[in-house]
Amino acid sequence: MVLLLLAGCDDSPGEWAAIVYPDQTNRAKFDVTARFKTFSFCRDAAIERMKLLQTSRGGDYECGFRCQLSGDPHRMNICEEKRK
């Protein structure tokens, strides 16, 4: 039983990233928050981030799995999978 509980206690970084677009008509400008364990954690964080940014231009978001997060900021939203 203890081993099962410890198996769920994992502090390694996740592979989901929240990508928030403050202006849904301009996908070139975005805000990325990485390292979520699950899609649902990512989605909740993306929605919360949109509220904080107070997107007046009808912002949008998506969650990406295994995104390219190092180097060129123009490639940061290239992911293996995207969901909303």
Side-chain angles (χ1 to χ4, degrees):
M1 177 93 156
V2 173
L3 291 176
L4 290 175
L5 291 173
L6 290 176
C9 298
D10 179 8
D11 64 351
S12 64
E15 296 192 70
W16 285 95
I19 306 165
V20 175
Y21 305 93
D23 178 354
Q24 70 181 10
T25 63
N26 184 359
R27 294 282 217 203
K29 293 185 180 181
F30 53 88
D31 179 72
V32 177
T33 306
R35 307 296 185 192
F36 295 99
K37 288 262 185 212
T38 66
F39 165 73
S40 61
F41 287 152
C42 179
R43 182 189 58 223
D44 293 347
I47 292 168
E48 197 59 37
R49 183 73 179 142
M50 282 185 60
K51 289 177 187 175
L52 288 173
L53 291 175
Q54 297 178 345
T55 54
S56 61
R57 306 243 2 200
D60 198 10
Y61 75 91
E62 60 191 353
C63 287
F65 183 70
R66 293 188 178 161
C67 299
Q68 294 181 19
L69 297 175
S70 60
D72 185 0
H74 299 292
R75 297 181 51 83
M76 287 182 120
N77 60 353
I78 297 174
C79 309
E80 272 185 30
E81 175 188 350
K82 289 183 183 177
R83 285 196 229 167
K84 188 165 180 186

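Every heavy atom of this structure was used, including side-chain atoms; hydrogens, water molecules and symmetry mates were not. Residue numbers count from 1 along this sequence.
A distance of 10.5 Å separates CZ of Phe65 from SG of Cys79, quoted to the nearest 0.5 Å. Atom NZ of residue Lys84 and atom CD1 of residue Ile19 lie 12.0 Å apart, to the nearest 0.5 angstrom. For the atom pair Met50 CE and Asp60 CG, the distance stands at 6.0 Å (nearest 0.5 Å). Once rounded to the nearest 0.5 Å, the distance linking CZ of Arg35 with CH2 of Trp16 reads 14.5 Å.
We find that Glu62 and Lys82 are joined by a salt bridge, their nearest charged nitrogen and carboxylate oxygen being less than 4.0 Å apart.
Across Ala18 and Ala46, no two heavy atoms sit closer than the pair CB-CB, 3.8 Å. The minimum heavy-atom distance linking Arg83 with Glu81 is given by the pair NE-OE2, 2.8 Å.
Take Lys29 and apply the side chain to side chain contact (heavy atoms under 4.5 Å, CB included) test, not counting sequence neighbours, and it matches Asn26. Applying the side chain to side chain contact (heavy atoms under 4.5 Å, CB included) test to Phe41 and every residue at least two apart in sequence or in another chain returns Phe36, Lys37, Thr38.
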Original post:
Could you go step by step and tell me if Leu53 and Val20 meet the side chain to side chain contact (heavy atoms under 4.5 Å, CB included) rule?
Top reply: CA-CA 9 Å; Leu53 291 175; Val20 175; 3.8 Å; yes
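Contact of the Arg43 side chain with the Tyr61 side chain is registered, since non-hydrogen atoms from C-beta on lie closer than 4.5 Å.
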